[in-house]
Amino acid sequence: MDIHDLRNIGIAAHIDAGKTTVTERILYYTGRLHRMGNVDDGTATMDWKPQEQERGITIASAATTCHWKLPNGGGKSGRSKSIQINIIDTPGHVDFTVEVERCLRVLDGVVMVFCGVGGVQAQSETVWRQAQRYNTPGICFVNKLDRVGSDFFRVVEEIRDHLGANAVPVQLPLRSGDEFVGVIDLVSREAIIYDEQTQGAHYAVREVPEQYREQVERWRAEMIEAACEEVDWMADRFLAEAPFTPDEIHAGLRDATIAGNLFPVLCGAALRNRGIQRLLDAIGYYLPCPADVPVILGSDPKTGKTVERRPDPDEPFSGMAFKIQSDKHGDLFYTRIYSGVLKERSRVYNANQQKAEQINRIYRMHANSREQLHQAGPGAIVALVGPRNTVTGDTLCSRSKQVIYERMQFPETVISMAIEPKTQAERKKLDEALEELAREDPTFEQALDQQTGQLLISGMGELHLDIIRDRLLREFNVDARIGEPRVSYRESLERAITTDETFEKEIEGRRQFARVVIHFEPAKGAGLDFENQAPRDALPLHLARAVERALTQNPSGQLYGFPLVNVKATLLEAHMHPTDSTELAFEAAASSALRRALMEAGCRLYEPYMRLEIVAPEEKIGDVINYITGSRGSIQNVQVRGPLRVLRAEAPLAQLFGFATRLRSLTQGRGAYSMEPLDYRPAPSDALEFA
């Protein structure tokens with residue numbers, strides 16, 4: 001297939017906004033499925049894991065491929081054309097935000113799904129920030145407009161106000177009385193009314209009803225003006241008072257969307273089978289193909305210089321392994337191919353690990369089923385079998401033309417629990433299972449508690465650890481005792497300090513020498529951030545990397561040995577000997593410099609804070625506010641949503657265990673909430689007494 005006819009997209013949203021239902025309907029209307037599944041019944045195609053089917057939520061991202069024929073005008077020639085859509089359905093629960101992060105890193109576009117009742121919710125903001133971090137263009141789909149209390153225009157305003165996005169409706173909801181029956185297309189001035197008897201597969205295209213015409217013309221004019229403000233050629237036509245054809249409007253909206261300056265907003269009700277076909281059209285019209293990003297930037301692993309790759313089959317091969325999934329027939333390495341062609345039974349080079357990898361098989365995935373391919377080219381998202389040393393975020397490339405792409409950033413874990421095998425015979429099984437889980441999930445960690453000798457497993461929240469516990473018992477058949485969840489504390493520097501450290505010692509008959517001057521300071525950020533300001537001629541790149549490695553690989557504080565956060569280390573000077581300076585010497589000097597800085601500048605205990613969004617009846621919101629403030633939390637704002645109140649707050653995780661039960665009690669079962677990690681902040685002196 002022509003690369004211009006390919007769309008790599010993700011479906012992302014807050015939990016319960018309807019992502020998986022949207023994906024299920026897309027697969028049905030494109031002919032990929034012949035029967036619609038249902039999330040509540042545990043029959044959704046993309047939620048294939050037992051834990052997903054039982055809980056009715058998406059836990060792991062799942063990939064699939066489908067084809068859609070755009071109507072006339074879909075191509076620049078004006079003729080209809082078929083597009084291939086590679087879809088990744090991502091989780092909405094914050095505990096599995098890593099799945100969203102690594103998918104957005106490799107996708108070209110995203111469909112942001114918003115609940116027509118809930119609007120912009122806590123995880124909506126998180127996913128939006130992730131997409132913006134990778135400059136991923138997107139379109140918005142306001143779902144569940146068949147629900148009581150839904151309001152399309154309020155959601156559009158929330159997208160603009162809360163997310164700072166230039167949200168531009170390209171459709172309006174069409175109602176018959178109080179019932180949502182279809183959509184009005186502002187580009188074509190058509191009313192689309194869906195046939196419930198055919199599950200929305202058939203629909204009637206009618207003229208816009210009289211009572212909507214004034215509103216349609218007003219919003220259509222706003223849509224065209226918004227595009228003209230972002231696209232020069234449209235602005236010229238607009239000033240010349242020349243009319244726009246539908247094809248020209250689509251082209252202008254596409255240019256503005258790909259540039260990230262405009263976000264088209266569509267509407268529908270996926271569960272009622274309304275609005276999906278026009279959403280598919282919009283994916284083809286507005287979201288980019290791989291060729292719309294003509295140059296992909298990486299770096300040369302030997303020199304550090306910028307390297308360019310183009311989405312061209314004649315370019316050297318390069319790709320990124322963005323997800324690993326354990327499988328009894330061989331682990332699957334989900335990979336986005338950026339340039340060149342990858343063939344089965346070939347060898348590639350892992351530039352991050354500096355090791356060759358064998359590619360035995362290549363698959364195109366459809367949830368948990370697969371289709372074998374002999375080769376794959378630029379823009380393809382495939383699963384590979386064969387690599388042994390690759391981890392999430394590694395770059396695979398040609399050995400003769402190496403490149404490393406920017407790695408993904410993963411959040412700090414905030415919660416942990418102790419685990420131990422019930423018998424000595426189970427220990428090996430437990431170790432192997434934990435190692436497999438850590439390879440799959442970069443936000444899952446295991447470590448030995450130096451004070452108690454217990455093995456601790458850490459994750460992003462109570463649900464995350466609950467799923468891991470379930471997988472250990474069910475999938476890996478490990479019989480283990482598991483403790484109660486507890487907070488994952490951190491340490492950080494009290495004040496800034498500069499250390500000058502020299503390492504000079506003879507090891508195994510060889511003299512080792514290194515001297516470093518490093519400035520350490522408190523700074524916002526996950527873990528310890530490193531910056532090299534030493535002159536390039538004073539320190540070769542491989543020795544600078546040794547310094548970075550020593551500082552950033554699992555640094556811990558001096559108080560209790562907790563991992564470090566919110567620290568920045570800047571290498572100011574480096575001195576080396578022509579023959580005696582080695583990576584080992586510079587690693588030792590850097591480690592010694594960090595220890596001295598922590599001892600002399602002092603350490604402080606930090607605890608994780610969470611961002612809360614709570615929806616409760618007006619008469620109960622006062623009780624909720626009192627509970628939050630009594631839990632060392634702070635109220636950010638309270639908004640009105642009909643008879644409900646939406647409260648946004650921040651509070652320490654240590655005070656929030658069992659919050660779901662407490663909220664049900666305070667609101668008589670009528671409250672709901674979402675929670676996500678915010679940052680680490682100084683903890684009170686007595687925090688560990690109650691941990």
Side-chain angles (χ1 to χ4, degrees), residues 6-15 17 19-20 22-23 26-27 44-49 52 57-66 84-113 123-141 283 287-290 293 296 319-325 332-338 363-368 376 379-384 390-396 405-411 439-444 460 464 676:
L6 180 61
R7 303 290 184 272
N8 291 318
I9 68 162
I11 312 286
H14 182 91
I15 190 170
K19 301 174 311 303
T20 301
V22 168
T23 307
I26 285 175
L27 296 178
T45 305
M46 305 301 279
D47 288 349
W48 58 272
K49 287 180 175 287
E52 295 175 313
I57 61 171
T58 303
I59 293 169
S61 56
T64 188
T65 298
C66 59
Q84 176 180 313
I85 307 174
N86 293 332
I87 301 173
I88 298 184
D89 177 34
T90 63
H93 198 286
V94 66
D95 283 15
F96 309 103
T97 188
V98 63
E99 294 285 342
V100 185
E101 182 81 21
R102 55 186 173 188
C103 293
L104 289 176
R105 171 63 180 83
V106 300
L107 292 169
D108 300 320
V110 62
V111 177
M112 293 288 302
V113 180
Q123 186 66 3
S124 309
E125 297 184 37
T126 301
V127 174
W128 191 273
R129 289 195 301 270
Q130 290 172 308
Q132 294 301 294
R133 182 158 59 248
Y134 296 119
N135 298 314
T136 309
I139 59 178
C140 305
F141 182 74
I283 290 169
L287 291 181
C289 69
V293 185
I296 305 102
M320 175 177 281
F322 64 93
K323 174 182 167 73
I324 301 172
Q325 179 180 307
L332 295 171
F333 294 78
Y334 285 76
T335 302
R336 162 68 189 262
I337 298 176
Y338 286 110
Y363 292 112
R364 178 184 292 137
M365 300 300 296
H366 176 54
N368 61 332
I381 294 178
V382 293
L384 311 178
T390 298
V391 298
T392 299
D394 279 356
T395 300
L396 303 177
Y405 293 123
E406 180 185 0
R407 297 184 73 91
M408 293 166 267
Q409 299 297 317
F410 300 119
R439 287 186 72 221
E440 279 191 30
D441 184 352
T443 59
F444 169 73
M460 297 305 300
H464 189 193
E676 64 174 334

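Keep in mind that the numbers below use all heavy atoms, side chains included, and drop hydrogens, waters and symmetry copies.
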Do Y405 and Y338 have ring centres separated by under 6.0 Å?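 Y405 vs Y338: aromatic centres under 6.0 Å.
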
State, to 0.1 Å, how close [X] and [Y] come at their nearest heavy-atom pair, and which atoms those are.
{"X": "P290", "Y": "G379", "answer": "CG-CA, 3.8 Å"}
{"X": "T136", "Y": "L104", "answer": "OG1-O, 3.6 Å"}
{"X": "L287", "Y": "I9", "answer": "CD1-CG2, 3.7 Å"}
{"X": "L27", "Y": "H366", "answer": "CD1-CE1, 3.9 Å"}
{"X": "V110", "Y": "A131", "answer": "CG1-CB, 4.3 Å"}
{"X": "I88", "Y": "C103", "answer": "CG2-SG, 3.4 Å"}

Do R133 and E101 meet the salt-bridge criterion of a basic N to acidic O distance under 4.0 Å?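 R133 and E101: salt-bridged.
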
With the threshold set at 4.0 Å, does a side-chain nitrogen-carboxylate oxygen contact exist between R336 and D108?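 Looking at D108 together with R336, the answer is yes, because their closest N to O distance falls below 4.0 Å.
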
Please determine whether side-chain contact (heavy atoms from CB on, under 4.5 Å) holds for the pair M365 and L332, giving the CA-CA distance in whole Å, both sets of side-chain angles, and the decisive distance to 0.1 Å. CA-CA 10 Å; M365 300 300 296; L332 295 171; 3.9 Å; yes

Heavy-atom side-chain contact between [X] and [Y] under 4.5 Å:
{"X": "E99", "Y": "K323", "answer": "yes"}
{"X": "M320", "Y": "D394", "answer": "no"}
{"X": "T392", "Y": "F410", "answer": "yes"}
{"X": "I26", "Y": "C66", "answer": "yes"}
{"X": "V98", "Y": "D441", "answer": "yes"}
{"X": "L384", "Y": "Y363", "answer": "no"}

Could you tell me whether a side-chain N or O of N86 sits under 3.5 Å from a main-chain N or O of A63, the two making a donor and an acceptor?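 No, the answer is negative, given that no donor and acceptor are paired below the 3.5 Å cut-off.
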
Who passes side chain to side chain donor-acceptor pair (under 3.5 Å) against T390, sequence neighbours left out?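 Counting only residues at least two positions away or on another chain, T390 forms a side chain to side chain donor-acceptor pair (under 3.5 Å) with N350, E357.
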
At what distance, to the nearest 0.5 angstrom, does [atom1] of [X] lie from [atom2] of [Y]?
{"X": "F333", "Y": "Q325", "atom1": "CZ", "atom2": "CD", "value": "11.0 Å"}
{"X": "T395", "Y": "R407", "atom1": "OG1", "atom2": "CZ", "value": "7.5 Å"}
{"X": "L107", "Y": "N8", "atom1": "CG", "atom2": "CG", "value": "6.5 Å"}
{"X": "T335", "Y": "F322", "atom1": "OG1", "atom2": "CZ", "value": "7.0 Å"}

Quick one: list whatever passes side-chain contact (heavy atoms from CB on, under 4.5 Å) with E406, sequence neighbours left out.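 If we apply the side-chain contact (heavy atoms from CB on, under 4.5 Å) test to E406, skipping adjacent residues, the hits are R105.
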
Stepwise, does the side-chain contact (heavy atoms from CB on, under 4.5 Å) test hold for T65 with I85? CA-CA 6 Å; T65 298; I85 307 174; over 6 Å; no

With no hydrogens and no angle check, do the side chains of S124 and H14 hold a donor and an acceptor under 3.5 Å apart?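 Judged by distance alone, the side chains do not pair up.
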
Derivation of the side-chain contact (heavy atoms from CB on, under 4.5 Å) call for V22 and F141: CA-CA 9 Å; V22 168; F141 182 74; 4.0 Å; yes

Go through it in stages, so that I can follow the logic: the residues are I283 and I139, the test is side-chain contact (heavy atoms from CB on, under 4.5 Å), and I'd like the CA-CA distance, side-chain angles, deciding distance and then a yes or no. CA-CA 8 Å; I283 290 169; I139 59 178; 4.0 Å; yes

